[in-house]
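Since the structure comes first, as structure tokens, the remarks are kept for the end.
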Amino acid sequence: MRAPRLLILLLLCGSCAARGEAPQVQFLLLPSAEAVGTFARDALVTQPYDEVLRADMILSLQRGPFRLFTEYLLSDHEGDLERFQLGYQFSSDTVLWLGRFHQPTSVWNHDHHHGQYLQTSITRPAIEEWEDLGGILPQHFTGALLETSRPLASGWRLRMAGSGGLAPQLNPGGLEPFDLVHPDHHRRQLGYHARLSLHPGDLDESGFGVLLAREDLARIGPPAASILGLDHVQLSLYGVFASYVEDPWRLLAVLFHADARLFFDATPSRGDSFALGYTQAERRFGHDLTAFVRLEGTAQAADSRYLGLFPAYPRSRQLAGVRWDFAPRQAFTLQLTNSHTFTGHFADVRVQWSAALL
Amino acid sequence: MVRLTHSLWVRMMSVVLIILAALAPLLYLGVSRIVEDGYQERFINSVRAYSRLVADQLEALDAAEFERRAGAVLDGVVLSGQVVFAQIVDGERKIHSSITPALGAASPREDYTFGQSPDQVYYISHQVRRPDHAVVLRLGFDEIPTSERIRATQRHVLLAIGGFVAVSIGLALWLSAVIARPMVLLQESAKRVASGDVHVQLQSHSSIREVAELNLHLERMRQELVGTNEQLTREIAEREASEHKRLTLERRLLHRERIVALGTLAGGVAHEINNIITPILLYAQMALDELPASSDLRADLQRVVESAHRARNLVWRILTFSRQSDTQAPSTVFALRAPVEDALALLRAIVPTNIEVVFRCEAEGVQLTGDPNFVQQVVFNLCTNAHQAMRRDGGRITVTLAAEEDPGEPQLRPGRYGVLEVSDTGEGIDPAALPHIFEPFFTTREVGEGTGLGLSVVHGIVESMGGLITVRSASKLGTTFRVYLPVAVALSNAAGAA
Amino acid sequence: MIARRIIVLLLLLGALAEAWPAAQTLVLVVRRDSPVTDLDSVTVRKLFLGVPVLINGTPLRPIRNRSEPHLDEIFLQQIVAMSQPSYDRQILNGVNRQGWLAPSEAASVTRVAAELNANPNAVSFMWERDVAHNPNLRVLRVLWSD
């Protein structure tokens, strides 16, 4: 349904860019197939969807300082234009994007986006899960994103990113971001994000930084019992992250403190705070075998009225697995996960094939 | 079964060993390859990035600084650790690190893969651009630490796989023991059951469900077997008892028929003799009566009369045995004890002193219907028989009176019986003679010592009273006759010694 | 006799000289009229790692010369200073995360020269001897020398 519109859009963009100098084009396809088995289950709700087949398509065009960057995800249950960014490259280090993008305070998503091959584990951390898969924090915004970096003395580099845009809406089924292909005219509110990080080198993945976000999430749709009378939610996020990448080790830790204030139609607003974070360790054995383990947790989750809107949210989760890059740009991953949600506990085992076609 | 259990263990271990033999080398080769590739790639990444960094630093130096610091940079590079050769080639001039010895005139060859050089040094050359000309930075990285690390890790892998193999074998041994032990116990129990010891309980106490269920089912089979066996044993015993009873009855029937036939024959002969004797006795008596007292013939006739009386007495006994006596007394009800005691009183008078006569009465008031003289005759004959058996060595004759309800003898109808038991401590009766003792004229004594009619007369009396006589004899232990006579009225079961 | 021997010796020496490998030099090249005048080694590395490099507001277009395996080895060792798997992963990450463009690849020197001729912002590398056959190309710097 949406795919034809996307293709038309891309053709339009391509034809515009085709005038004059031929643009540089880059296409990347990241397909994956996954099998999931859930066991030891007493939770009422687990994951809203288990995407079995995915094809993540990335198209990048550049003509002079202008850039177009799109990411389209086709899976067995959806086809979405995940990212659509028109950019202007001010310099080698600075680019301004307009369009739909992944907000920069999500460390995981900013690094891996929707591509399964490029992330070691099969699943992403619960606090950075996509909105349509039960995510609790908004990930897709439509607006402006500025990314820049500055060299510092002693070779270190300061990377900065700031964004502002239309925030997802809150409906009884979860968060729903703005859809460029099927735009709606519901009430939307804004969200702002900032990310500052220091890295030892130009292209170094090691580093640490701070993450700040302020998001207003308007409530739409028929009022469910759990959000009866809720008008909107104001989320303030204060986070830190650190990553250490030194072959064969790769460590990542992210911690957020969140203030959520729920505004109601008739009654005074209610506020609650909670903290969430995760840490992942990966160890490479040879160049084709990687073991990983990740711990995720949320503090004060039980008292949070905001988190109560997401019954499938795993407030604590432990996972471990192994990835085998059995062929160039192809990998098999096996992952065992133990999750505790508000409604109970469940465990699952996942096997995934993923690949990259450049 | 032993072979089966043994082969189970052997097979399990064989499978484990085959799997390990196939898996361990593959595992070692695979992991070694992973280790080698990993270390080599890490080494290459590291040395390439480092040498590029050094080249970039040198390129960033201005001319004066380059001249002043080039040697120091090379020294720093060497001191950083892995670099064993550092050189800058500036045209004809070669700047070396002061720490490492200079190579010969020949330039080292560029390496692109780990372990390419025989000297175990990985050489990288970078063009370093200077304002007016280019110089070449040549760095040599020591491959030995990485090679050693690879070998050390491979050794650890080998050890780990060796440990894994050892643990696997240990686990396999333990597992096969866990599986085989209850099977062996089961097998031993089953063997004992098979050899007939069906009361051995089959208990293996295995935590393995299949073995436990096998044990359960075998135990049920054993219990079924035990039940069936007991039933069969019982049935066989019953059949044997029944057969024994049948044979006894058959033997007694034959015996009885023979005695009856003998009795009929003897009775017929006795009648005829009686008919002959009667006129002999009558006319001899009449002749005697007519002879004068002083007649010499009187003594002869007296002998004829006496002989005729003895013959008549003999005939009477034969007729009594054959129950054809014409002189049967009318039936009366009498106490059993009285004729017994009368007979014993008479007997005590005739038995020698070396023979003790004991009387026990365990049932007072037992009354019979018939002629008490017959009972007296029975007791007398039996005791005479006993004392004659003991007259040489002495002994004891015990006469016991008792009463029994349904004695269990197949020839007797149910009911209450007076029991007269006469036992002696004599030599006992020869087993070969035992079946014939009640036959008339059968005797084991010397010629002239008996007529052989005593026991046959007893038998005839008892039969005529509706009773039964049994005999039990053991060599050197004595003989016991047991006479069952149906009671007229059962008055009491009171027991008491006489 | 002696003259014949001298002639044979000279012929042998000449043959040896032909067979003796000439010193190889790898150079960074652009089109002769390219606005690019100079690139330091750090920028060259970034360029071939997919990082956008702008000259006068125009992004440069890196072309990876894959005409022979030896060039690949030198490229990985001297230019990007990485192993092949690391380079591959770096390129994929750049495309996925930032929308960077992976360097285009040319399988022959002719193709490299054609792409360089077609785009003044294109940058590539080739043997110095190959540049001599393409007068429309200009050497920016020496990357590696045997």
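Each chain gets a letter, A, B and so on, in the order the sequences are listed, and its residues count up from 1.
- Counting only residues at least two apart or in different chains, ring-ring contact (aromatic ring centres under 6.0 Å, His included) contacts with residues 46-74 of chain B are absent.
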_Worked check of side-chain contact (heavy atoms from CB on, under 4.5 Å) between D56(B) and L53(B)_ = CA-CA 5 Å; D56(B) 292 345; L53(B) 186 70; 5.6 Å; no

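- Residue-environment remark: CZ (R32(C)) exceeds the threshold of 12 foreign heavy atoms within 6.0 Å.
- The interface of residues 41-56 of chain C with chain B, defined by heavy-atom distances below 4.5 Å, comprises S41(C), V42(C), R45(C).
- Residue with the most contacts toward chain B among E73(C), Q77(C), Q84(C), H70(C): Q77(C) (heavy-atom pairs, distance under 4.5 Å).
- Proximity to chain C (any heavy atom under 4.5 Å) is restricted, for Y122(B), to the side chain, taken from C-beta onward.
- The main-chain N or O of Y28(B) is found under 3.5 Å from a side-chain atom of S32(B) such that the two form a donor-acceptor pair.
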_Run R129(C) and T25(C) through side-chain contact (heavy atoms from CB on, under 4.5 Å) and show every step you take._
CA-CA 8 Å; R129(C) 63 173 185 268; T25(C) 303; over 6 Å; no

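- Atom CZ of R111(C) has 12 or fewer heavy atoms from other residues, nucleotides or ligands within 6.0 Å.
- For chain C, the option among R129(B), R42(B), H126(B), Q40(B) with the highest count of heavy-atom pairs below 4.5 Å is R129(B).
- Rounding to the nearest 0.5 Å places CH2 of W127(C) at 10.5 Å from CG of L143(C).
- Neither the backbone nor the side chain of L26(C) has a heavy atom closer than 4.5 Å to any heavy atom of chain B.
- Per-residue heavy-atom pair counts under 4.5 Å with chain C were compared for A49(B), S46(B), A55(B), and the maximum is reached by A49(B).
- Interface remark: of the candidates V136(B), D111(B), V47(B), T113(B), D111(B) forms the most heavy-atom pairs closer than 4.5 Å to chain C.
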*Hey, mind stepping through F141(B) and F85(B) against ring-ring contact (aromatic ring centres under 6.0 Å, His included) and telling me if it holds?*
CA-CA 7 Å; F141(B) 295 87; F85(B) 171 75; over 10 Å; no

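- A donor-acceptor pair shorter than 3.5 Å can be found between the side chains of E110(B) and Q78(C).
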